[in-house]
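So you know, we letter chains A, B, ... as the sequences are listed, proteins then strands, and number each from 1.
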Protein chains: 2
Amino acid sequence: MDKQRSKDGRGDPSSRPRFVQIADEIRGQIATGALKEHDILPSERSLSEQYDVSRMTGRRALEALETEGLVYSADRRGRFVSPQRLKYNVSNMVSFVSTAQADDVDLKIEVVETVETVADGKLAALFEQPVGSPIIAYTRLFHSGGHPIFIETEYLVADRFPGFLHYDLRQSTTQILESSFATTASTGDIVIRMRGVKTDEAQLLSISNTHTVIELEQVIRDEAGVPFCFGHQVWRGEMAEFSAHAIVAGRSVGKV
Amino acid sequence: MDKQRSKDGRGDPSSRPRFVQIADEIRGQIATGALKEHDILPSERSLSEQYDVSRMTGRRALEALETEGLVYSADRRGRFVSPQRLKYNVSNMVSFVSTAQADDVDLKIEVVETVETVADGKLAALFEQPVGSPIIAYTRLFHSGGHPIFIETEYLVADRFPGFLHYDLRQSTTQILESSFATTASTGDIVIRMRGVKTDEAQLLSISNTHTVIELEQVIRDEAGVPFCFGHQVWRGEMAEFSAHAIVAGRSVGKV
DNA sequence: TGTATAAACTGGTATATACCAGATGTGTTT
DNA sequence: AAACACATCTGGTATATACCAGTTTATACA
């Protein structure tokens, strides 16, 4: 039924593993433009026929491209060429939404959940408020080109922004805060790290639960230095790149 | 020879895949401290015996933990519990080396390569210098706790820093530039992205070539705004987290 | 024309097996 | 005590097979 292959596929000791060679060929096709953004890639089974390898080897080639970020996978539909990365300037906190729209990125925002809750220990410390003080929280899913790119959950001090949840959250919240609550983002502290995706996140982002994401946390402060917003974003790692502009402060005295 | 198992291991339809369950158990052992930093994990083969699954299933569990960053693997020696992340504040460009040492991180620097070359198109544009102008480049491998954590390649305008390569590069180069060349980092532009590792990088960082890394690029400017250093770092993604302090500049006129 | 059904895909999970090459440990010989 | 050889450990690569559960498409039926 199956074609005959040498027992362990190690016919030529060409040093580089077979699956790497196959991945390289596909990578080339993406580079030359033979495969374009969101184009479907050959399936595991068709790859295995095409290159006369087992399905598992074809799969490994595709998985390699997936961890590289060149390819994304949609459960049981196939694998596709990843689009260009979205650029996110974390220093320009004015609004990711407005800057993205100015850059002609088609951005769609889906409100996943809105809740009125109270501050736990962590949030209380962040906001310099007592534990149990009212907090507004909302989770939104951001799409670009019809594909989910990141989940954002933001926490606000409720007393400061009464009736906030009645606004349409499918727009820049920074803008709502600025125009309706006279609160402007002035400084922010941001943390970026790479980590494994959690099950619920994977579902929302429609990626497999063995994938890696980029987690971005930020505390936003007003002109008086008072923190009023805590944001938490989970990005599909291959979909974005983050930039920042740093200014060396306190350049004065003997800092080692 | 092998124990009898049901044909496809789908004995109970407990919804969650077997390899996820095994990964969860190990994750628990790490969380409770039963497995500590740099402790060796059970091997693929011993896992398969312990849980009565095939080696491939045990492997998938370990690979899942690896992509999460909880575990790192040393080729053909075994898999180990990842240490705590290193914290890198990209806004504080004064020197990663000095801040890390102040934080009691034992940092070892290995000089991989030093070359005197000329500017290609990209570097010329960055430095606002003609193509072909002399450039100093050096690559260093940073270790912490005896483990490689990132590779850094820095490019300097050669004319500005004569004899730079005669200094001992196993220290903070920012400090050399400051004390010996009266050049101080004042501002910087940083880009952070996640991507697949390249073969040569994987070798230096001793990770498998199917892994994901974090790439960090920065252009450093002096007080006059003249760019004098271009840095390029490749981090083991699970080993670090990056923070930044942002100040919203140009808060003045009608910026949308 | 629309809808239900079935067939033909897709990747996901799982088993079993085989051999390779590097790393490590255990002796034995020099 | 150092050198060598060997067995045994590790993960890495590869094949073959099987069944599952969604997605898509073609087909037949109302």
Side-chain angles (χ1 to χ4, degrees), chain A residues 1-23 39-49 51-67 71-80 199 202-203 206-211, chain B residues 1-23 39-49 51-67 71-80 199 202-203 206-211:
Chain A
M1 200 130 214
D2 211 337
K3 282 145 258 146
Q4 270 307 109
R5 298 190 202 105
S6 67
K7 209 54 179 292
D8 65 349
R10 214 169 285 273
D12 65 309
S14 50
S15 74
R16 268 160 66 261
R18 196 80 186 87
F19 80 90
V20 175
Q21 297 174 29
I22 296 172
D39 276 3
I40 191 161
L41 294 164
S43 74
E44 298 175 356
R45 285 172 177 88
S46 70
L47 260 193
S48 80
E49 280 186 27
Y51 289 95
D52 191 33
V53 293
S54 77
R55 183 183 154 201
M56 278 303 170
T57 304
R59 184 204 191 86
R60 291 218 52 191
L62 292 168
E63 277 178 341
L65 296 168
E66 225 176 306
T67 59
V71 160
Y72 68 93
S73 135
D75 191 48
R76 270 159 265 249
R77 289 203 302 121
R79 289 190 175 85
F80 306 84
T199 317
Q203 215 148 21
S206 62
I207 54 178
S208 102
N209 60 1
T210 55
H211 261 66
Chain B
M1 202 125 214
D2 212 336
K3 280 146 260 147
Q4 270 307 109
R5 298 191 203 106
S6 68
K7 209 56 180 290
D8 66 348
R10 214 168 286 273
D12 66 311
S14 51
S15 75
R16 272 163 59 261
R18 197 81 186 87
F19 81 90
V20 175
Q21 296 174 29
I22 297 172
D39 277 1
I40 192 161
L41 293 164
S43 74
E44 298 175 358
R45 284 171 179 88
S46 70
L47 260 192
S48 79
E49 280 186 26
Y51 289 94
D52 192 33
V53 293
S54 76
R55 184 184 152 199
M56 277 303 169
T57 304
R59 184 204 190 84
R60 291 218 51 190
L62 292 168
E63 278 179 340
L65 296 167
E66 227 177 307
T67 58
V71 160
Y72 68 92
S73 132
D75 191 47
R76 270 159 264 249
R77 287 202 304 120
R79 289 188 175 86
F80 307 85
T199 317
Q203 215 148 22
S206 61
I207 55 178
S208 101
N209 60 359
T210 56
H211 262 65

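Nucleic acid contact class of B:Arg60 (heavy atoms, under 4.0 Å, all strands): sugar-phosphate only. Nucleic acid contact class of A:Arg55 (heavy atoms, under 4.0 Å, all strands): base. Heavy atoms of B:Arg45 sit under 4.0 angstrom from at least one base atom.
Side-chain contact between B:Thr67 and A:Thr67 is absent, with no heavy-atom pair separated by less than 4.5 Å. The side-chain heavy atoms of B:Gln21 and B:Tyr51, taken from C-beta on, include no pair separated by under 4.5 Å.
Following rounding to the nearest Å, B:Arg16 (CZ) and C:dA14 (C1') show an atom-to-atom distance of 17 Å. Rounded to an integer number of Å, the gap from B:His211 NE2 to D:dG12 C1' is 13 Å. Distance, B:Phe80 CZ to D:dG11 P: 9 Å, rounded to whole Å. One can place CD of B:Glu49 at 14 Å from P of C:dT15, the figure rounded to the nearest angstrom. One interatomic measurement links the two molecules: CZ of A:Phe19 to C1' of D:dT15, which rounds to 15 Å at whole-angstrom precision. Spacing between atom CD of B:Glu44 and atom P of C:dT17 amounts to 17 Å, rounded to whole angstrom units. A:Arg59 places its CZ atom 17 Å from the P atom of D:dT17, with the value rounded to the nearest Å. Between A:Arg76 atom CZ and D:dG22 atom C1' there is a gap of 5 Å when expressed in whole angstrom units.
For the atom pair CZ (A:Arg79) and CZ (A:Arg59), the distance works out to 6.0 Å, reported to the nearest 0.5 Å.
Dashed line: the shortest gap from a side-chain N or O of A:Arg77 to OP1 or OP2 of D:dT24 is under 4.0 Å. For A:Ser43 and C:dT10, the shortest distance from a side-chain N or O to OP1 or OP2 is below 4.0 Å. In this model, the phosphate group of C:dG12 is approached by a side-chain N or O of A:Arg79 to a distance below 4.0 Å at OP1 or OP2.
Looking at every heavy atom in both residues, B:Ser73 comes nearest to B:Glu66 through CB-OE2, 3.2 Å.
Nucleotides of DNA chain D nearest to B:Met56 and B:Ser46 differ in position, and the one nearer the 5' end is that of B:Ser46.
Residue-to-nucleotide contacts include no donor-acceptor pair under 3.5 Å from the side chain of B:Arg18 to the base of C:dA14.
Shown are B:Val53, B:Leu47, B:Thr57, B:Leu62; of these, the side chain to side chain contact (heavy atoms under 4.5 Å, CB included) with B:Phe19 is made only by B:Thr57.
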